[in-house]
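Down below is the structure, laid out as structure tokens.
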Amino acid sequence: MNARILKLKEEILDAEGKWGLERARLYTQAERANETEVAEVKRARALAHYLDNKTVIIKEGELIVGNYGSGRGIYEIYPEYSFQDSVIRYIHFDCEQEVNDSFFETQQEKREFNEIRNYWRGKTMRERVDTVFPEYVVKLRDLDICCNPYGRDEGQGHVAVNYELVVRQGLRSVIERAKKRMEEVFDHDPIAYTFNKAAVIALEAVIRYAHRFAQEAERQWAAEKDEKRRAELKSIAANMRRVPEYPAGDFWQGCQAVWFIHQVMHMEQNGFSISIGRFDQYIYPLFKKDVLDGGRFTDDFAFEILQCFYLKFSEITIGGIKISLTQTVTICGRDAGGNDMTNELSHRCMDASMSCRVLNPQTLVRWHRNLDPAMVRKVIEAVRGGETHAAFFNDEVVVPALEKYGVKPQDALQYAQCGCNETEIPGKMIGGGMPRPLFLLRVVELALFGGVWRYTGEQVGPKTRSLAECDTFEEFLESYRTQYNHFIKYISYATNMMDYLHSQYTPLPFASALMDGCIERGRDMLVETEYFYYTLGCNDFIAAVNNLAAVKKAVFDDRSVEASQLMDAIENNWSGYEHLQKTMLATPKFGNDDDGVDHLVPVVEKISAEAISGLRSFRNNSPWFCECIPRISHVYEGIVTRATPEGRNDKDTLPPGISAQIGTDLSGSTALLNSISKLNPEHFAGGVISNIRFHPNLLKDDESITKIMALVNAYMKKGGMHLQMNCVTRETLLDAMENPSKHKDLMVRVSGYIDYFTNLDRASQADIIARTEQTF
Amino acid sequence: MGERADILKIQRFSINDGPGIRTTVFLKGCPLRCAWCHNPDSMYREWQLVLAHRLCTHCSACVPACEAGVHSVSEGAHTVDFAACTLCGKCVEACPRSALSISGRSASVEQIIELALRDADYYRESGGGITLSGGEPTMQHEFVEALFTEAHRVGISTALDTSGHCRREAFVRLLTHTDHLLFDLKIMDPELHRQYTGADNMLIHNNFKCAIDRGADITVRHIVVPGVNDTPAENEALAAFMLGCGFRGSLSLLPYHAMALSKYEDIGMVYRLSEVIAPADAYMKELDEFFNRAGIRCRIN
């Protein structure tokens with residue numbers, strides 16, 4: 001890595017996080033000045049006021065400019081959404097901590113913060129939601145059963161706008177369209193007129209904001225001694241006079257335009273999982289012209305531009321400095337004829353991701369059977385190198401699933417990933433935005449206790465037969481289904497209501513202007529978009545499957561365990577029931593290709609799929625998808641969940657997404673992937689996460705990598721939807737020495753063969769750890 | 001069909017036991033007693049009680065469960081009278097920590113084929129299949145033959161991981177069912193071979209020649225054990241022998257490691273090589289170069 005990139009990276013990683021007031025101050029000023037305006041215009045003016053006055057920084061050596069906040073590591077406040085401490089929330093899932101004046105050092109800052117806070121009291125999205133939601137829905141949310149609307153504290157996020165439009169046509173052309181539309185609808189469509197007026201205000205402001213960077217570059221140029229840097233600053237100034245207002249003239253300007261729009265996306269709202277779509281496709285013509293054919297930029301310089309571009313994503317500090325905001329770059333994929341769309345830029349993107357090795361952005365590779373094998377190999381090598389979030393998504397599964405839900409074939413082919421693997425279509429689709437999960441383990445718990453909340457004794461769900469009252473497993477499954485179906489209505493209510501509140505109070509005129517058709521329709525994207533979809537998050541899916549299977553085997557099939565005894569045991573965290581725990585732990589677990597448990601995968605899935613088939617939505621009457629994307633909810637859900645029948649202890653982590661419970665997939669990677677393949681991805685068009693982890697020495701030579709490539713290809717050909725591979729770190733191995741039961745599935749390569757790490761004695765483990773350090 | 005074997009374990013997703021992704025079945029029982037054996041519970045075909053000392057909390061739950069009085073726990077030490085064990089399994093059931101287990105189970109051809117077929121997609125993609133390892137799989141050669149015949153019938157490729165210490169007649173018959181042979185050559189000097197493995201290497205060498213003459217696809221595996229077979233004389237003899245037989249396959253060098261030490265304790269056996277330390281990476285590289293120079297395709301595994 002060259003000195004420039006290294007320095008920029010260190011600056012980002014070494015930043016100390018701290019709260020800032022700039023955005024809150026400027027947004028409050030704008031809000032006060034525009035109180036009588038309609039929401040769209042108010043929001044556009046606030047963004048404009050912010051962009052006209054916010055701090056503009058060009059860092060030494062930067063090639064791509066546009067700073068997110070007011071300085072290094074500053075957390076901006078989004079008062080229109082909430083004052084909750086997003087940093088704490090993203091890390092610890094503690095939603096109750098509010099930012100207060102103690103977060104600021106000087107008396108002046110404290111005073112200013114308090115003024116701002118007081119002004120917004122009663123006007124934040126959080127407070128609006130809390131006012132609107134009925135008591136029972138609030139209870140379900142507080143108990144973490146469902147209706148936990150992420151949108152309470154933040155914006156929609158989860159979108160990739162039409163970046164290609166920005167690169168190829170520029171904002172000026174969008175403004176012209178919006179102005180024309182204003183004239184057309186002036187006399188009869190006040191909503192469309194107002195929306196377009198807001199869009200023009202926002203887009204003009206973004207252009208002025210770009211020009212502020214041109215001025216700053218010119219200022220630095222005048223003072224700069226170094227000839228090389230002077231030339232760069234001159235180019236930066238020229239870039240900022242041109243993009244994003246006009247079409248990008250070269251590769252550098254293309255990257256610059258994308259970044260500029262992407263950072264403003266994060267200024268208009270604090271939603272996460274805002275992604276840049278199929279970057280390697282829409283930038284490729286410029287890359288080909290300027291780097292491959294023209295020689296306008298050397299390959300090395302083009303790569304520096306790309307690295308600078310990649311590093312910028314980590315500047316966005318919503319949620320903290322070192323939190324992945326799941327901003328995703330999607331690369332590769334196939335066209336309508338099944339041809340591979342991988343190009344030289346796709347490879348350079350993966351190279352940039354590997355060399356920068358920062359949490360943001362994550363790179364997602366669209367797999368299909370003609371995918372360039374060199375790309376598959378590159379991803380696996382990246383995994384070996386410690387890249388923790390390179391992942392594959394399967395075109396052959398995702399495209400048909402989208403088509404099934406009514407997406408036009410040519411649009412389905414353009415899908416990209418947003419965030420933790422939600423499927424979106426850049427410029428055309430939003431959805432899964434504020435996923436409202438139903439925590440399936442909660443449903444199991446309620447079924448076990450007949451609808452009574454085991455933590456308080458309240459009857460929270462409908463009264464159904466408890467485990468002890470069921471004579472057959474089918475009866476128990478019926479209790480589960482009844483509980484499940486009961487909550488669906490409330491999830492649908494919360495979802496639709498949340499979308500309505502956002503469209504009323506926090507419309508997104510800037511982002512909307514860059515979504516296809518919003519200008520013509522004259523409606524904010526939160527109201528109308530080409531495609532919406534809603535997701536029912538099936539969090540804890542595998543935990544539910546494992547628990548149902550454990551109960552089925554021990555209580556009903558073998559009749560070796562009394563239901564009442566099992567209930568006592570889990571209420572006492574197995575204390576005094578160690579033997580019973582051993583029995584329950586020995587029941588089949590998902591991830592071992594064991595039909596004794598895997599046969600319940602389609603059963604549990606069907607209950608979810610049937611439940612959502614009857615759901616409606618007020619936006620386009622759009623479909624609902626299931627998804628299983630836990631982010632890290634499986635960790636915090638685990639912490640608050642008491643012991644469960646499959647043998648789990650109080651507080652233990654739950655299995656993430658469609659992955660095995662840690663330490664229970666003991667039959668090798670093929671068995672794990674076979675288990676995962678039993679899920680019907682058509683039901684999970686919203687996305688799933690499946691994780692598989694390796695020790696880096698499993699990938700130590702070309703031959704091993706070739707075998708892992710075959711593993712990936714075979715799994716995908718079988719219809720796997722997603723695959724994320726991880727290499728374990730030294731910390732994990734150290735933890736595995738101390739807590740072997742949590743890492744029983746961790747495979748390592750001992751010279752010449754693979755063994756489970758926890759099977760080795762301590763000395764051998766220490767040896768492996770020592771070797772791991774060499775590998776990294 | 002109908003053949004059953006005594007096995008140690010079945011390992012899916014084996015990527016170091018022959019071409020591609022494989023399912024490896026470890027059969028119990030071996031005629032050799034290699035001092036560095038890393039699966040000591042595979043030496044005997046008889047099933048055995050195993051106490052994983054690292055998991056034992058000395059709770060004594062096993063003591064009353066055993067009618068034969070195999071277990072005694074005192075002052076933080078759990079001792080096992082392995083000879084007295086009748087393999088009734090009661091202590092295994094009683095142990096809350098799963099520290100006790102029985103090494104050995106019976107598996108049929110059908111069971112193994114059924115399991116292997118589950119990974120057929122991965123075999124196809126990677127050129128993999130079933131590997132029989134051990135122990136010494138040829139000790140249960142009737143089973144091997146039955147399994148490999150059935151594997152071929154259902155389109156699964158076969159590999160045999162053997163020391164070559166096997167009667168010629170049976171060995172030859174197995175060759176006709178084996179797509180890939182993993183052949184372990186341990187020590188060239190006959191006397192040293194006897195000393196460290198308990199058997200002469202004449203039969204092994206003859207079988208090796210025989211396999212080459214019959215055109216078998218062979219990978220030689222050679223564990224480099226410092227102080228035992230890492231002398232220049234041994235290395236030269238190994239290279240000369242392989243070349244002399246007309247060997248054209250590849251050689252896989254495996255550095256010795258002492259990671260099996262605790263496995264010996266767990267079944268009440270004594271590990272003879274506790275003083276030996278793993279060969280240095282530099283030496284392995286040197287050796288790799290030596291064999292490659294000699295004209296043998298070699299890699300460190």
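Computed from a predicted structure; not experimentally measured. Letters A, B, ... are given to chains in the order of the sequence lines, protein chains preceding strands, and every chain is numbered from 1.
- A distance-only check finds no donor-acceptor pair linking the side chain of A/Lys582 to the backbone of B/Ser98 [under 3.5 Å].
- Side-chain N or O atoms of A/His579 include none that pairs as donor or acceptor with a backbone N or O of B/Pro96 at under 3.5 Å.
- Each of B/Glu93, B/Arg97, B/His53 has some count of heavy-atom pairs under 4.5 Å with chain A, and the biggest count is that of B/Glu93.
- Of the listed residues (A/Ser667, A/Ala714, A/Ala586), the one with the most heavy-atom contacts under 4.5 Å to chain B is A/Ala714.
- Within the 4.5 angstrom heavy-atom criterion, atoms from both the backbone and the side chain of A/Leu673 approach chain B.
- Proximity to chain B (any heavy atom under 4.5 Å) is shown, for A/Gln581, by neither the backbone nor the side chain.
- In A/Lys553, the NZ atom is not crowded: 12 or fewer heavy atoms of neighbouring residues, nucleotides or ligands sit closer than 6.0 Å.
- Your options are B/Ser126, B/Pro19, B/Gly20, and the one with the most heavy-atom pairs under 4.5 Å with chain A is B/Gly20.
- No side-chain heavy atom of B/Tyr122 sits under 4.5 Å from any side-chain heavy atom of A/Lys707.
- B/Asp121 CG to A/Asn713 CG: the interatomic distance, rounded to the nearest 0.5 Å, is 12.0 Å.
- Interatomic distance, CZ of B/Arg22 versus OG1 of A/Thr670, reported as 13.0 Å (0.5 Å rounding).
- Here the side chain of A/Asn674 pairs a donor or acceptor atom with the backbone of B/Arg118 at under 3.5 angstrom.
- Residue A/Leu711 holds its CG atom at 9.0 Å from CG of B/Asp119, rounded to the nearest 0.5 Å.
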Please report the C-alpha distance between A/Asp701 and B/Asn301 in whole Å, then the side-chain angles of each, then the deciding distance to 0.1 Å, and finally whether the side-chain hydrogen bond (donor to acceptor under 3.5 Å, both in side chains) criterion is met. CA-CA 9 Å; A/Asp701 53 25; B/Asn301 209 327; over 6 Å; no
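- For A/Leu734, the CG atom is densely surrounded, since the number of other residues' heavy atoms within 6.0 Å is greater than 12.
- Going from atom CG of B/Asn16 over to atom OG of A/Ser704 covers 6.0 Å, rounded to the nearest 0.5 Å.
- For chain B, the option among A/Met709, A/Glu578, A/Lys718 with the highest count of heavy-atom pairs below 4.5 Å is A/Lys718.
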